[in-house]
2 protein chains.
Amino acid sequence: MTATLPLTSDVLRTVSCVTTPKRPQPIPERGAGEGLKSVATALDVLECFAVDDELGVSDIARRLGIAKSTAHRLLTTLCSRGMTEKNPESGLYRLGMHLFELGQLAQARLRLRQLALPMLGELRAVTGHTVHLGVADGADVVHAERLDSPDSVRVMGTMGRRFPAHCTATGKVIAAFNPDFAEARRRAGFPPRTRMTIRTAADFDQALATTRRLGVGIVHGEAVIGMSSVAAPVRDLSGKAYAAISVAAPTLVLRPELERTSRLLISAARQLSRMAAG
Amino acid sequence: MTATLPLTSDVLRTVSCVTTPKRPQPIPERGAGEGLKSVATALDVLECFAVDDELGVSDIARRLGIAKSTAHRLLTTLCSRGMTEKNPESGLYRLGMHLFELGQLAQARLRLRQLALPMLGELRAVTGHTVHLGVADGADVVHAERLDSPDSVRVMGTMGRRFPAHCTATGKVIAAFNPDFAEARRRAGFPPRTRMTIRTAADFDQALATTRRLGVGIVHGEAVIGMSSVAAPVRDLSGKAYAAISVAAPTLVLRPELERTSRLLISAARQLSRMAAG
DNA sequence: TCCATGCGTTCCACTGAGCGGGACACTGCC
DNA sequence: GGCAGTGTCCCGCTCAGTGGAACGCATGGA
């Protein structure tokens, strides 16, 4: 059972917000986890594909420490439901389209996203930049929605991706107004992404203090060199942040507009907080 | 194991293209399915949420014909991995954010989508309308990508959704150039969506003949009243269609531009077919 | 107010389902 | 040709997953 926390509002559907025991990041941690063993192992198999695009039966068996026959059995079961697929060329397995279908359903039903969509569209229109909705999950932020800048040539595929809280504007601003979330990040550490990324708890705490003072989270090249973001927090009735909306653009473009963008974001996020709490 | 079919090209990652045994549409069909029983049941539980947003333990147990305790055990396991979540307000369960994460991964890795993205962007820019990439799956089309019209006010949530082949432009055009896919639809029947929807095999076959003659699939109000789409097929080396790209707009807007749009689509789809096959 | 009926959760004993080991065919490489 | 990989299949043991029953708690009607 996911530990039930004192979530005053339910707009954030992620129950497992901060206190999720562990979600394996680099290499799935086997056995750990409650409930049915075979089901848990099957989900571990899926998790393997979060790391690598395509994997073979033996590969997965080795990673999870299970018998080859077991891995094979799990994969055929997952395949029969479209959760994984077999690449006929390489003979390897990968994630299936049905997983995408179900995942889209999960996203489409996220209430916070439904509320945020019109405002995100407006923000994009006014700023002309890419906008995000990020929700806290564990020690990370998951991009629940992303509207690309109208003039962005290539559509990037970062939606649904998970980012450590210390290298994104959304992560910083949620951490600044949610001590539990910040603490989860401190425990998880500060993996570097670029040469600008925060690397120590001291720097992190200082960044959070700055964020609290400004009311917005800002990153310059801490996730991607040359890119900047600003984010404002979505908060529950107790004032605790559980999500954030952000605007992202090249640093050179965003820096001059920083103040105006911040004002827009704060106003939009405040409105969203009200709508979500009501 | 998903039956391996003679797929000449691998761009379509959906191995289970046409010959998928069955994917329960209205109510999950229990027990049927190879492999591990508990894993299969767990996936059935997920499938329940494709029908309803939120469900309780007893509800799911009743639907699947399993014991309440079993359903509860499955749900807690799924929850511990973020595949489902518990709504603390209602006490009911629903699909989880981690499912969204994994689903996004599956989509991002779809090779056909990667190839199509730039062309879809261009099509949207030139036509000013919403564009789709649909891939065949079973007797349906799954929208693997969707770029919204720049001037569309509200962003709709139809990406990742599954549509019966007989009421979409993409479905018609894939069926027209893929006899297996068309046959799968005939077997699955023709559920009505609007008063314009095709209802009989005879009408379906006639529509496919027209589609073959024009080279594009066209629907006027057959999925949504007042909306029209045109679609061109993406084909493998043998000429069999396995995906399609489409342009959608209000009927009144699209009708006058139908010929020009068709030409653009056919040219883009042809190019995409070459890139995917090469 | 009390009983009835629904819910979700927990426990427990039985048994059959899922486990690992091993055998097999196949491929590619030294 | 052997060797080291692979994916697939089979089989017997045993433990994991099953359903039933019991519990506490809501809700609602009599």
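What you see below is based on every heavy atom in this structure, not just the backbone, and it leaves out hydrogens, waters and symmetry mates. Chain identifiers are assigned alphabetically (A, B, ...) following the order of the sequence lines, protein sequences preceding nucleic acid strands; residue numbering begins at 1 within each chain.
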List the steps and the verdict of side-chain hydrogen bond (donor to acceptor under 3.5 Å, both in side chains) for A/Gln104 and B/Gln107.
CA-CA 10 Å; A/Gln104 284 300 115; B/Gln107 184 217 25; 5.9 Å; no
What pairs with B/Ser90 under side chain to side chain donor-acceptor pair (under 3.5 Å), at least two apart in sequence or on another chain?
B/Glu54, B/Asn87
Please state how far atom CD1 in B/Ile60 lies from atom P in D/dG19, giving the value in whole angstrom units.
14 Å
What is the distance from CZ of B/Arg62 to C1' of D/dG19, rounded to the nearest Å?
16 Å
Ignoring hydrogens and angles, answer whether the base of C/dG22 and the side-chain atoms of A/Ser69 contain a donor-acceptor pair closer than 3.5 Å.
no
A cation-pi test, strictly: NZ or CZ of A/Arg235 under 6.0 Å from the centre of the six-membered ring of A/Phe177 and no more than 45 degrees from its axis. Yes or no?
yes
Dump every N/O contact between nucleotides 15-19 of chain C and the protein below 3.5 Å, one line per pair.
unit_1 : atom_1 : unit_2  : atom_2 : d
C/dG18 : OP1    : B/Lys37 : N      : 2.7
C/dG18 : OP1    : B/Ser38 : N      : 2.7
C/dG18 : OP2    : B/Lys37 : N      : 3.1
C/dC19 : OP2    : A/Arg73 : NH1    : 2.9

Any chance you could lay out the side chain to side chain contact (heavy atoms under 4.5 Å, CB included) test for A/Val234 and A/Tyr242, step after step, and finish with the verdict?
CA-CA 6 Å; A/Val234 183; A/Tyr242 58 91; 3.6 Å; yes
Quick one: is C/dT9 close enough that its OP1 or OP2 comes under 4.0 Å of any side-chain N or O from B/His72?
yes
What's the CG-C1' distance between A/Leu92 and D/dG7, to the nearest Å?
11 Å
Quick one, give me the B/S/- string for nucleotides 24-30 of chain C, reading 5' to 3', where B means a protein heavy atom under 4.0 Å from the base and S means that only happens at the primed atoms, P, OP1 or OP2.
-------
Who pairs with B/Asp59 by salt bridge (Lys or Arg N to Asp or Glu O under 4.0 Å), at least two apart in sequence or on another chain?
B/Arg62, B/Arg63
Answer yes or no: does a side-chain N or O of B/Ser58 lie under 4.0 Å from OP1 or OP2 of C/dG8?
yes
From CG of A/Leu75 over to P of D/dG7, roughly how many Å is that when rounded to an integer?
9 Å
Mark yes when over 12 heavy atoms from residues, nucleotides or ligands other than A/Arg270 sit less than 6.0 Å from its CZ; otherwise mark no.
no
I'd like to know if the side chain of A/His132 reaches the main chain of A/Ala231, judged simply by a donor and an acceptor atom lying under 3.5 Å from each other, with no hydrogens or angles considered.
no
So, the side chain of A/Arg185 versus the backbone of A/Gly189: is there a donor-acceptor pair under 3.5 Å, distance only?
yes
With a 4.0 Å cutoff (strictly under), does any side-chain N or O of B/Tyr93 reach OP1 or OP2 of C/dC7?
no
Expressed as a whole number of angstroms, how long is the span from A/Lys86:NZ to D/dT6:C1'?
11 Å
Salt-bridge contact A/Asp137-A/Arg162 (side-chain N to carboxylate O under 4.0 Å)
yes
Side chain to side chain donor-acceptor pair (under 3.5 Å) involving A/Ser246 - partner list, sequence neighbours excluded
none
So what is the end-to-end bend of the helix from C/dT1-D/dA30 to C/dC30-D/dG1, with 5 pairs used at each end and the value given to 10 degrees?
30°
Report yes if some heavy atom in the side chain of A/Arg94 is under 4.5 Å from a heavy atom in the side chain of B/Arg109; otherwise report no.
no
